[in-house]
Amino acid sequence: MSSSKSQKIKPQTLRGFRDFLPDQMMAREHLIDIARSVYRSYGFAPIDTPALEYAEVLLGKGGEESDKQVFRFTDQGDRDVAMRFDLTVPLARFAAQYVQELGVPFRRYHIAPVWRGERPARGRFREFMQCDFDTIGTTSNSADIETLFVINDLLEKIGIERFTIRVNNRRVLNGLLEKHDLLPHTVSILRALDKLDKIGREAVIAEMVERTGIDPQRAGRVLDMAELKGTPEEVLAVLDGMLAGSQTGELGLANLRELFSAVNSCGIPKERISLDVAIARGLDYYTGTIYETLLGDLPEIGSVCSGGRYDNLAELFTSQQLPGVGASLGLDRMLAAMEELGMTQKATTPAPVLVTMFDASHINEYLAMGRALRKSGIGAEVYPEAKGIGKQMKYADKKGFRLALIAGADEFSQGVWQIRNLKEGNQLAVPASEIIPQIQSLLK
RNA sequence: GUGGCUAUAGCUCAGUUGGUUAGAGCGCCAGAUUGUGGUUCUGGAAGUCGCCGGUUCAAAUCCGGUUAGCCACCCCA
């Protein structure tokens with residue numbers, strides 16, 4: 001290989017694929033840590049599945065449109081393979097394969113990248129992270145309610161102060177469509193309905209009429225119900241009358257009523273959970289409760305955590321019935337929102353303490369101090385070169401270290417270290433034996 | 001996948017009707033400051049103007065293609 005300029009390979013990433021620098025990665029890992037701990041606190045266990053699957057396992061599950069987005073190719077062994085485009089289809093395959101040994105109900109979380117060959121746009125990439133959690137093998141509404149609780153705890157732990165989890169139930173929508181003889185048009189109608197917030201009542205009616213050929217009056221009646229406003233109790237009362245006689249609709253209402261009752265008695269702030277008959281979620285496979293989560297300070301960014309209940313996850317892989325309910329945190333969207341809300345920190349070091357290297361002849365003391373700090377659970381970086389102390393302080397400042405430890409000939413002869421507080425701009429000399437407790441209290 | 005906009009230093013962007021050696025701010029590196037960061041001052045490095053081709057005496061500038069990004073639609077996290 002020549003080192004001439006013209007032969008250098010251009011460093012570049014593929015369309016829709018991204019690199020993450022330390023500050024971005026710190027924020028990502030922080031969010032993932034929170035998701036992990038909340039999921040675990042409800043008993044969800046981690047799993048992972050391969051990025052690559054047989055194409056037949058993945059394809060044909062989300063309609064033609066999503067098949068077109070799948071990265072698919074023939075591998076070196078002439079197999080027809082595809083990269084996973086979500087975590088739900090792999091879960092279906094996984095569940096069908098292992099349900100015998102796992103038993104039900106089974107709760108898993110899966111935090112992993114997925115790939116879609118669609119056109120990238122703002123907040124949309126060809127490789128992105130999903131943070132799914134699902135409870136499968138039970139039809140109990142209790143699992144639906146706990147799914148809501150998980151979403152609530154997740155947002156709370158992330159530090160979002162104002163958010164709304166909008167809840168609806170597909171059965172309620174189906175009951176309504178049933179009463180208006182619109183069941184054959186379910187997919188088109190719900191897809192149009194889902195855009196209500198974005199495009200408004202008239203445009204939704206127009207789209208329904210255009211896509212299904214129904215007359216505007218009937219479309220309007222769907223909207224009348226979808227636009228119901230008020231407390232969950234008020235909306236439920238109106239729906240009760242509207243859906244009377246529809247078994248499906250009444251079942252959906254009963255589940256919603258139970259859910260809101262649990263919200264009230266389990267200490268979830270009432271104002272965070274709304275009953276919104278207009279949300280439908282695009283995915284065809286939802287059959288019961290559906291959720292989406294909007295940020296109070298940035299609703300226009302869209303749902304940051306959505307999900308719902310499905311009747312039979314694994315029917316394509318096994319004859320065993322596997323109903324389930326779950327949701328997914330949109331990590332990239334959440335991060336974009338946090339960035340816009342100024343919630344991300346700027347530090348690019350994961351360690352709070354920098355041990356400066358003042359005098360290279362004492363290298364062992366500096367290295368030993370680093371080890372001592374880490375042994376006490378304090379992250380510490382030892383500056384690798386005995387450069388000017390000003391330079392090292394500059395580095396500490398830029399990287400966002402909270403404390404810097406400094407010791408030269410004077411300190412070593414007195415048996416002390418200087419602890420410099422970068423934020424406050426002050427420092428104190430501390431005997432070597434008291435360094436650790438002193439730092440621990442400073443970092444509190 | 002369809003339509004539109006854009007691409008100049010690490011980042012944000014100037015760059016006149018095509019004209020000689022392409023600029024600024026921020027950042028980066030060094031020095032002022034060989035025992036102390038954030039402020040300030042001084043200096044420095046860094047661009048074959050996304051890439052390929054065409055028109056022209058001459059292209060960052062005009063044209064075509066290509067790659068990437070942004071916006072809308074579609075769909076979705």
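The figures that follow rest on heavy atoms only: side chains count, while hydrogens, waters and symmetry mates do not. All chains are named by letter (A, B, ...) in the order of the sequence lines, taking the proteins before the strands, and each is independently numbered beginning at 1.
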Taking atom [atom2] of [N] as reference, at what distance in whole Å does atom [atom1] of [X] sit?
X: D134(A); N: A77(B); atom1: CG; atom2: C1'; result: 14 Å
X: Q427(A); N: G35(B); atom1: CD; atom2: C1'; result: 9 Å
X: F401(A); N: G38(B); atom1: CZ; atom2: P; result: 17 Å
X: R124(A); N: G1(B); atom1: CZ; atom2: P; result: 13 Å
X: E207(A); N: C74(B); atom1: CD; atom2: C1'; result: 10 Å
X: K398(A); N: G10(B); atom1: NZ; atom2: P; result: 17 Å
X: R15(A); N: U66(B); atom1: CZ; atom2: C1'; result: 12 Å
X: L14(A); N: G50(B); atom1: CG; atom2: C1'; result: 16 Å

Under 4.0 Å, heavy atoms only, any strand: does [X] hit a base, just the sugar-phosphate, or nothing?
X: G16(A); answer: sugar-phosphate
X: A409(A); answer: base
X: G388(A); answer: nothing
X: T13(A); answer: nothing
X: D410(A); answer: base
X: E411(A); answer: base
X: Q130(A); answer: sugar-phosphate
X: G302(A); answer: nothing
X: K423(A); answer: base

Distance in Å, Q427(A) CD paired with Q418(A) CD, rounded so as to fall on 0.5 Å steps: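 Atom-to-atom, Q427(A):CD and Q418(A):CD are 4.5 Å apart.
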Under a plain distance cut-off of 3.5 Å, with no hydrogens placed, do [Y] and [X] share a side-chain donor-acceptor pair?
X: T135(A); Y: R107(A); value: yes
X: D276(A); Y: S274(A); value: no
X: Y310(A); Y: D134(A); value: yes

With rounding to the closest Å, how many angstrom separate the [atom1] atoms on [N] and [M]?
N: A77(B); M: C5(B); atom1: C1'; result: 26 Å
N: A22(B); M: G64(B); atom1: P; result: 27 Å
N: C52(B); M: U67(B); atom1: C1'; result: 10 Å
N: G50(B); M: U39(B); atom1: P; result: 33 Å
N: G65(B); M: A7(B); atom1: C1'; result: 16 Å
N: A30(B); M: U34(B); atom1: P; result: 13 Å
N: G15(B); M: U6(B); atom1: P; result: 13 Å
N: A59(B); M: C73(B); atom1: P; result: 42 Å

Is the base of [N] touched by the side chain of [X] through a donor-acceptor pair closer than 3.5 angstrom?
X: R420(A); N: G37(B); value: yes
X: Q69(A); N: G1(B); value: no
X: R119(A); N: G3(B); value: yes
X: Q392(A); N: U36(B); value: no
X: R116(A); N: C76(B); value: no

A30(B) phosphate, OP1 or OP2, under 4.0 Å from K391(A) side-chain N/O: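 The answer is yes; a side-chain N or O of K391(A) sits under 4.0 Å from OP1 or OP2.
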Ion pair D332(A)/R28(A), N-O distance below 4.0 Å: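 Yes, this pair counts.
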Near-ring test F149(A)/Y42(A), centroid separation under 6.0 angstrom: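 No, too far apart.
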Proximity of W417(A) and F412(A) rings by center, below 6.0 Å: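 Yes, ring centres under 6.0 Å apart.
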Which one, [options], comes nearest to the side chain of [X]?
X: Q418(A); options: G38(B), A77(B), U36(B); answer: U36(B)
X: R191(A); options: G69(B), A77(B), C76(B); answer: C76(B)
X: I389(A); options: G35(B), G37(B), A30(B); answer: G35(B)
X: K394(A); options: U36(B), G69(B), G38(B); answer: G38(B)

Whether R333(A) side chain and S303(A) backbone form a donor-acceptor pair below 3.5 Å: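 Yes; at least one donor-acceptor contact below 3.5 Å.
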Worked verdict on D19(A) versus Q24(A) for side chain to side chain contact (heavy atoms under 4.5 Å, CB included): CA-CA 9 Å; D19(A) 290 320; Q24(A) 301 168 296; over 6 Å; no
Audit row: R36(A), D33(A), salt bridge (charged side-chain N to carboxylate O under 4.0 Å, His left out) steps and yes/no: CA-CA 5 Å; R36(A) 222 192 314 254; D33(A) 284 346; 3.2 Å; yes
Per-pair stack call Y395(A) and G37(B), 5.5 Å, 30°: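 Stacking is absent between G37(B) and Y395(A), given that the ring centres and planes do not meet under 5.5 Å and under 30°.
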Nearest-nucleotide comparison on RNA chain B, the residue closer to the 5′ end among G330(A) and G425(A):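 Closest to the 5' end, via its nearest nucleotide, is G425(A).
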Residue whose closest nucleotide on RNA chain B lies nearer the 5' end, G408(A) versus K387(A):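 Between the two, 5'-proximity favours K387(A).
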Geometric class of the F106(A)/F94(A) ring pair [parallel <30°, tilted 30-60°, perpendicular >60°]: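 Rings of F94(A) and F106(A): parallel, as their planes differ by under 30°.
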Intra- and inter-strand pairs of RNA chain B in dot-bracket (Watson-Crick or G-U wobble, both distances under 3.5 Å; | for another strand): (((((((..((((.....[...)))).(((((.......))))).....(((((..]....))))))))))))....
